[in-house]
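Some notes on the structure that comes next.
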Amino acid sequence: MKAAVKEIVEGALRRLGIEEGVQVDYPKDPRFGDYTTNVAMVLAGKLKRNPRELAQEVVRAIEHPMVESKEVAGGGFINLRMKKEWWLSAFSHLLRDPQSFGTLDVGTGKRVQIEFVSANPTGPLHIGHGRGAAVGDSLARILEKAGYQVEKEYYVNDAGRQVKVLGESIWARCQELMGREVEFPEGGYRGGYVVDLAKQAMAEFPDLLDSPKEKAIEELTRWGAEEILKGIKGDLEAFGVSFDSWYRERYLYDTHLVNKALEVLREKGLLYEREGALWFASTRFGDDKDRVVKRANGDPTYLASDIAYHALKAKRGFDMLIDVWGADHHGYVPRVRAALQAMGYNANLLQVLLIQMVSLVRGGQKVSMSTREGTFVPLSELLNEVGKDAVRFILLTRKCDAHLDFDVDLAKSQSEENPVFYVQYAHARISSIFRTAQERGISIPSWEEVDLTPLELDEEMAIVKKVLQFPDLIEAIARSLEPHRMTYYLHELSAAFHRYYNHHRVLLENRPMREARMALVKGVQVVVKEGLRLLGVNAPFRM
RNA sequence: GCCCCCGUAGCUCAGGAGGAUAGAGCAACGGAUUCCUAAUCCGUAGGUCAGAGGUUCGAGUCCUCUCGGGGGCGCCA
């Protein structure tokens with residue numbers, strides 16, 4: 001919608017001999033019209049002109065049969081109002097082809113890879129991972145809607161120090177189960193799930209503890225990580241999140257890709273030895289300090305495999321790479337960008353979304369969480385308690401770089417405070433209208449043929465316009481990578497509907513009016529359902 | 001000490017590429033149901049946008065500094 005208006009204004013400028021891109025916005029106050037643009041004020045400085053006079057000129061040059069009114073306001077805003085038929089015809093178009101409404105081509109021909117969750121297979125997912133999953137998955141759906149070809153990937157850290165600590169932790173628990181006293185590993189995982197894994201391991205591999213300690217731990221590491229990964233996959237499935245690929249860090253080592261990547265850096269003279277370790281000169285690409293890629297003991301660091309991994313991603317030919325990380329990894333961003341650049345790729349290829357912490361609030365008290373200490377609430381537990389829809393929706397009600405307090409009691413409450421139900425209820429209510437129509441023997445009109453002109457109330461036109469903003473929203477989210485905007489939009493749209501529902505009746509005797517209103521709420525339903533789908537939330541037919 | 005994020009109504013937070021009179025939900029108070037679902041709606045009240053400078057036609061939004069909260073600064077991930 002915006003794009004069409006933008007074109008109208010740019011056309012007017014061209015008539016004035018000005019070639020310039022224009023920004024068109026929805027004004028916050030409907031009294032200012034349907035669309036507003038600040039071109040005159042922006043250009044005034046550049047052209048040394050009086051903004052209001054310039055605005056007047058532009059207004060005079062705007063010629064379009066669908067523009068109802070055009071005026072200059074304030075310091076030089078140009079406010080436009082479109083004719084009713086312009087809106088209604090767009091709305092009819094939506095009803096004619098609801099599936100493709102909001103589907104854009106801004107990303108057509110572009111491939112995006114989004115890597116998210118990527119939690120180490122050392123313990124079950126918790127709510128923080130859930131936030132990353134909700135953000136990543138919804139963003140993927142929205143980018144796809146905007147026309148991008150999207151690939152979702154989970155990077156499995158199954159080769160580093162952390163999984164080894166998991167193996168050691170399991171081994172220690174096995175020893176304890178045998179009644180042997182051992183020291184629990186430093187920084188080991190103390191969660192109860194490790195004891196469960198130990199019991200399972202002893203049942204499955206009764207001979208295991210007879211083999212040498214190092215060998216046993218190696219076995220347990222490999223096996224334990226796989227077991228936990230199975231659990232993670234199950235949790236994600238229950239959360240409605242799927243991946244196109246699971247990329248293994250171990251694979252990077254098995255195929256020597258890590259060494260090959262380091263070799264490339266060495267050839268470029270970007271590696272050096274100091275104090276027995278191997279360093280990557282990342283400062284040459286804007287990092288604060290150089291980073292170790294191979295420790296003095298010969299073990300590669302996490303960064304080493306990440307250099308190989310990101311170089312490989314870039315090589316796979318994506319037009320954009322998105323990494324969704326916990327905010328505690330923010331210091332890692334310059335390193336990885338440096339690595340990309342050092343390997344010969346454009347660092348801007350990579351967009352990193354940092355997800356801030358989630359605090360669980362129960363009974364007004366914050367619950368502290370730590371994977372190591374085992375004091376976290378698993379995502380699966382929360383899903384059982386609260387339900388997938390509420391969890392996903394609430395995790396997307398904040399922009400991702402802001403802390404989020406997840407109030408369990410509120411999410412569970414089957415009542416008015418719960419923001420999820422408000423939107424779902426709008427969908428259910430509309431379904432109910434159609435159910436009632438059927439019961440009363442009122443025929444459902446064929447949507448593409450309904451005459452919408454009986455819609456005359458301000459509230460009705462407000463709903464029409466709000467619904468038609470949906471494609472612009474998709475574009476804005478795809479550009480800004482801020483999926484939380486969807487929850488706000490859906491809440492606003494639902495509010496407009498609930499208000500209307502409480503003041504006006506749809507199923508009237510007057511057939512033309514009735515059918516126009518049925519078409520109106522049908523349009524709302526289409527968009528609410530699609531918006532919820534993009535968030536991974538169900539749209540129930542009754543509640 | 002250095003880096004990142006945050007600071008907006010009593011609480012939790014929006015503020016869509018600098019725009020016009022700063023919004024929503026909850027909590028508080030007062031109302032609406034012979035009706036297509038009251039998980040809804042209507043109304044009242046609530047603000048030094050942490051503070052101070054700066055950039056400009058215009059700043060909650062951009063820059064600098066101060067204060068406060070969180071996170072990160074490892075041959076951990």
Side-chain angles (χ1 to χ4, degrees), chain A residues 23 25-29 31-32 36 38 41-42 44-45 50-52 73-77 79 120 122 157 160-163 165 187 274-279 288-289 291-303 306 326-334 354 356-357 359 361 364 397-399 401-405 407 410 413-422 424-426 428-437 439-440 442 469 472-473 475-477 479-480 482 484-485 487-489 491-492 494-495 497-508 517-518 521 542-543:
Chain A
Q23 192 189 327
D25 286 308
Y26 291 103
K28 49 180 141 179
D29 191 328
R31 284 185 303 124
F32 296 134
T36 186
N38 60 0
M41 289 182 286
V42 172
N50 176 304
R52 281 193 64 101
F77 290 101
N79 294 336
N120 291 343
T122 53
N157 287 113
R161 169 91 197 124
Q162 292 310 310
V163 280
V165 171
R274 193 174 79 200
E275 293 161 21
L278 191 61
W279 296 71
D288 292 341
K289 43 182 155 179
R291 309 290 171 176
V292 172
V293 288
K294 210 169 248 187
R295 297 177 204 132
N297 69 7
D299 286 349
T301 62
Y302 183 79
L303 180 61
D306 244 6
D328 53 345
H329 287 62
H330 78 84
Y332 218 77
V333 177
L354 296 172
Q356 272 292 353
M357 264 177 53
S359 308
V361 176
T397 53
R398 303 281 174 262
K399 56 177 178 247
D401 51 11
H403 290 231
L404 187 149
D405 284 343
D407 189 326
L410 181 116
S413 73
Q414 295 279 316
S415 71
E416 52 192 353
E417 304 115 67
N418 196 320
V420 191
F421 294 145
Y422 189 84
Q424 289 185 318
Y425 187 42
R429 256 186 164 173
I430 295 168
S431 303
S432 167
I433 294 173
F434 295 131
R435 252 194 323 270
T436 305
E439 282 161 21
R440 293 187 190 168
I442 295 169
Q469 281 184 14
D472 289 332
L473 177 73
E475 185 175 355
I477 293 174
R479 188 190 61 232
S480 64
E482 291 177 344
H484 75 281
R485 291 193 198 175
T487 57
Y488 283 88
Y489 169 80
H491 193 275
E492 286 165 16
S494 301
F497 166 74
H498 284 310
R499 198 175 309 128
Y500 180 70
Y501 180 92
N502 270 275
H503 295 284
H504 307 285
R505 307 193 67 69
V506 173
L507 301 178
L508 303 164
R517 289 187 171 181
M518 287 171 86
V521 299
R542 66 174 86 226
M543 290 173 75

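Each chain gets a letter, A, B and so on, in the order its sequence line appears, and its residues count up from 1. As a basis for the values below, the full set of heavy atoms in this structure was taken, side chains included, without hydrogen atoms, waters or symmetry mates.
The residue A:Y501 sits close to a base: some heavy atom pair falls under 4.0 Å. The residue A:E275 sits close to a base: some heavy atom pair falls under 4.0 Å. At the heavy-atom level, A:Y488 lies under 4.0 Å from the strands shown only through sugar-phosphate atoms. Counting any heavy atom pair closer than 4.0 Å across all strands shown, A:A44 reaches no nucleic acid atom. Using a 4.0 Å heavy-atom criterion, one finds that A:A428 contacts the bases of the nucleic acid, with or without backbone contacts as well. Here A:K294 lies out of heavy-atom contact (under 4.0 Å) with every strand. Counting any heavy atom pair closer than 4.0 Å across all strands shown, A:Q469 reaches a base atom. Within 4.0 Å of A:D306, counting heavy atoms only, lies no atom of the nucleic acid at all. Among the heavy atoms of the strands lying under 4.0 Å from A:H503 are primed sugar atoms or P, OP1, OP2 only; no base atom is included. Heavy atoms of A:R440 sit under 4.0 angstrom from primed sugar atoms or phosphate atoms, though from no base atom. At a threshold of 4.0 angstrom between heavy atoms, the contacts of A:H330 include nucleobase atoms, whether or not backbone atoms are also involved.
Take the nearest nucleotide of RNA chain B for A:H491 and for A:S494: the residue whose nucleotide is more 5' is A:H491. Residue A:A476 is the one, among A:A476 and A:Y500, whose nearest nucleotide of RNA chain B lies closer to the 5' end (criterion: closest heavy atom).
The side chain of A:K399 contributes an N or O atom lying less than 4.0 Å from OP1 or OP2 of B:rG15. At B:rA20, one or more side-chain N or O atoms of A:K28 fall inside 4.0 Å of OP1 or OP2 (strictly under the cut-off). Taking side-chain N and O atoms only, A:K289 has no distance below 4.0 Å to OP1 or OP2 of B:rC2. Proximity of A:R295 to the phosphate of B:rA77: a side-chain N or O atom is located under 4.0 Å from OP1 or OP2. Phosphate contact (OP1/OP2 of B:rC42, side-chain N/O of A:R499, threshold under 4.0 Å): present. At B:rG15, one or more side-chain N or O atoms of A:H484 fall inside 4.0 Å of OP1 or OP2 (strictly under the cut-off).
Separation of atoms CZ (A:R429) and CG (A:N502) is listed at 5.5 Å; rounding is to 0.5 Å.
For a distance-only test at 3.5 Å, the side chain of A:Q356 fails to qualify as a donor-acceptor partner of the base of B:rG71. For B:rA20, its base sits under 3.5 Å from the side chain of A:T36 at one donor and acceptor pair at least. Scanning atom types as modelled, no donor and acceptor separated by under 3.5 angstrom connect the side chain of A:N38 and the base of B:rA20.
Comparing B:rA77, B:rA39, B:rA17 by their closest approach to the side chain of A:T301 singles out B:rA77. The A:R429 side chain lies nearest to B:rU40 when the options are B:rC13, B:rA77, B:rU40. Nearest nucleotide to the side chain of A:N502, out of B:rC75, B:rU40, B:rA17: B:rU40. Listed nucleotides B:rC36, B:rU12, B:rC76 differ in distance to A:R505; the shortest reach to its side chain belongs to B:rC36.
Applying the 5.5 angstrom centroid cut-off and the 30 degree plane-angle cut-off, the aromatic ring of A:Y422 is not stacked upon the base of B:rA39.
Ring orientation note: the planes of A:Y488 and A:H484 are nearly perpendicular, at an angle over 60° on the 30°/60° scale.
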